[in-house]
Amino acid sequence: MRALVFDVGNTAAKYGYFENNELREVGKVLLDNALPELVQRLLPEHAVVSSVVEPTAIWAEALRREVGRKVLEFASATTPLPITNAYTTPTTLGADRLAAAVGAAWLRPGQDTLIVDAGTALKCDWLEGGHTFRGGSIAPGLRMRFQALHTFTGRLPLVELPVAATVDIPLTGTDTSSAIRSGVLNGAVAEVNGLIDSYRQQSPNLGILLAGGDAGFFQPRLKGPIFVVPELVLIGLYRILVHNVEI
């Protein structure tokens, strides 16, 4: 099956092109003329669109003009899934969190997995037994933490995330900027490692999947083994599409 999957953001969508269950291409695309050109080049048989920032209808309508009726709008509360969703408020569950869990279930069938998604928000989600999404935690991401310290205080400067992911972050800041950097970055790492320890008390054989734009920063600092899967959400969306095509 040839398929396009779309994870819609504020100004563009991240897309993945799958062929015969393999991810062949990843990129970003705008809704304007770039979307028809992408579809005409790849000629998908099916497509799925998901969004946490805006309704999917406008993207789905544009895709249907190119792909036909074989376009799935993923809604976390109503779309059939290949896993069990045990979240008590499914209508409030972000589609990206659930898609990542489906991707984890595909990559680690039958195994307990903690999904760490380090993006705008820092999310840690628990997939029990490789088949049941239990929920997890949502906290501010790294840039949000830096921004909050600057916005909600009178004199603290806005400190940027280091460009090099492997740069050493001293425990003790010797000036205001380095103290902020230590508090935000070392604090976030300690937070996630603490959650990993807590989940491993429940499941000693727990596996960790790491995704999101700041995965490169966290990967060398978290308690291993850690498997980095940058396209985890796209993989999950594809497996959701396959599940719905087959039923």
Side-chain angles (χ1 to χ4, degrees), residues 5-10 12-16 23 26 48-56 59-60 72-109 111-145 188 191-192 194-196 198-199 202-203 206-215 217-219 222 226-244:
V5 304
F6 293 89
D7 181 21
V8 179
N10 288 300
K14 187 174 184 179
Y15 75 87
L23 181 58
V26 175
V48 58
V49 58
S50 172
S51 174
V52 295
V53 297
E54 63 182 28
T56 57
W59 281 83
L72 175 67
E73 294 182 65
F74 174 48
S76 59
T78 58
T79 304
L81 299 170
I83 64 172
T84 299
N85 181 8
Y87 209 61
T88 58
T89 56
T91 58
T92 69
L93 176 59
D96 57 338
R97 294 174 65 194
L98 194 51
V102 173
W106 172 254
L107 295 172
R108 290 176 48 82
Q111 302 178 73
D112 291 338
T113 303
L114 186 68
I115 303 153
V116 180
D117 188 343
T120 302
L122 180 56
K123 295 163 286 190
C124 296
D125 284 318
W126 169 239
L127 182 70
E128 184 181 25
H131 53 69
T132 302
F133 178 81
R134 292 294 181 187
S137 61
I138 306 173
L142 300 181
R143 289 166 183 80
M144 195 182 298
R145 296 178 193 218
E191 174 185 324
V192 177
L195 287 169
I196 290 173
S198 295
Y199 277 106
Q202 300 181 38
S203 174
L206 181 74
I208 311 297
L209 294 185
L210 178 60
D214 291 330
F217 171 79
F218 280 95
Q219 191 270 332
L222 297 184
I226 307 292
F227 301 96
V228 179
V229 188
E231 315 307 340
L232 186 61
V233 171
L234 296 181
I235 293 170
L237 288 173
Y238 174 71
R239 299 316 311 177
I240 292 168
L241 176 62
V242 170
H243 179 73
N244 281 268

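Since this is a predicted model, take the numbers as computed values, not measurements.
- Here Lys123 pairs with Asp96 in a salt bridge; the nearest charged N to carboxylate O distance falls below 4.0 Å.
- No side-chain heavy atom of Tyr15 sits less than 4.5 Å from a side-chain heavy atom of Val5.
- Atoms CD1 and CD1, on Ile240 and Ile235 in that order, are 12.0 Å from each other to the nearest 0.5 Å.
- When each of Ile226, Ile208, Asp214, Val228 is checked for a side chain to side chain contact (heavy atoms under 4.5 Å, CB included) with Val116, only Ile208 meets the rule.
- The shortest non-hydrogen separation linking Ala101 to Phe133 is CB-CD1, 3.5 Å.
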One pair to check against side chain to side chain contact (heavy atoms under 4.5 Å, CB included): Glu191 and Leu122. What are the steps and the verdict? CA-CA 10 Å; Glu191 174 185 324; Leu122 180 56; 4.1 Å; yes
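- Side chains of Val48 and Tyr238 form no contact here, defined as non-hydrogen atoms less than 4.5 Å apart.
- Of the inter-residue distances, the one linking His131 atom NE2 with Leu81 atom CG reads 14.5 Å to the nearest 0.5 angstrom.
- For the atom pair CG of Leu234 and CZ of Arg239, the computed distance is 13.5 Å after rounding to the nearest 0.5 Å.
- Residues Ala95 and Ser76 share a closest heavy-atom pair of CA-CB, 4.4 Å.
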Please step through side chain to side chain contact (heavy atoms under 4.5 Å, CB included) for the pair Asp112 and Leu127, ending with a clear verdict. CA-CA 6 Å; Asp112 291 338; Leu127 182 70; over 6 Å; no
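- The CZ atom of Arg143 sits 8.5 Å away from atom OG1 of Thr120, with the distance rounded to the nearest 0.5 Å.
- Cation-pi geometry between Arg134 and Trp126 is not satisfied (NZ or CZ under 6.0 Å from the ring centre, within 45° of the ring normal).
- Rounding to the nearest 0.5 Å gives a distance of 7.0 Å between SG of Cys124 and CD1 of Ile196.
- Of all heavy-atom pairs spanning Arg145 and Pro140, the tightest one is NE-O, 2.7 Å.
- Using modelled atom types, no side-chain atom of Thr79 and backbone atom of Ala77 make a donor-acceptor pair closer than 3.5 Å.
- Minimum interatomic distance between Ala105 and Ile83 (heavy atoms only, all atoms of both residues): CB-CG2, 3.6 Å.
- Exactly one of Leu209, Asp117, Leu237 qualifies for a side chain to side chain contact (heavy atoms under 4.5 Å, CB included) with Leu232. That residue is Leu209.
- Lys14 and Asp7 are not joined by a salt bridge, as no carboxylate oxygen comes within less than 4.0 angstrom of a charged side-chain nitrogen.
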Apply side chain to side chain contact (heavy atoms under 4.5 Å, CB included) to residues Trp59 and Glu73 and explain how you reach the verdict. CA-CA 9 Å; Trp59 281 83; Glu73 294 182 65; over 6 Å; no
Under the side chain to side chain contact (heavy atoms under 4.5 Å, CB included) rule, what do Asp125 and Leu114 come out as? Steps first, then yes or no, please. CA-CA 6 Å; Asp125 284 318; Leu114 186 68; 5.9 Å; no
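- Side-chain contact between Phe6 and Thr56: absent, with no pair of heavy atoms (C-beta onward) separated by less than 4.5 Å.
- Distance CD1/Ile115 to CZ/Arg97: 9.5 Å, rounded to 0.5 Å.
- Shown here for Gly136 and Tyr199, the closest heavy-atom pair between the two residues is CA-OH, 4.1 Å.
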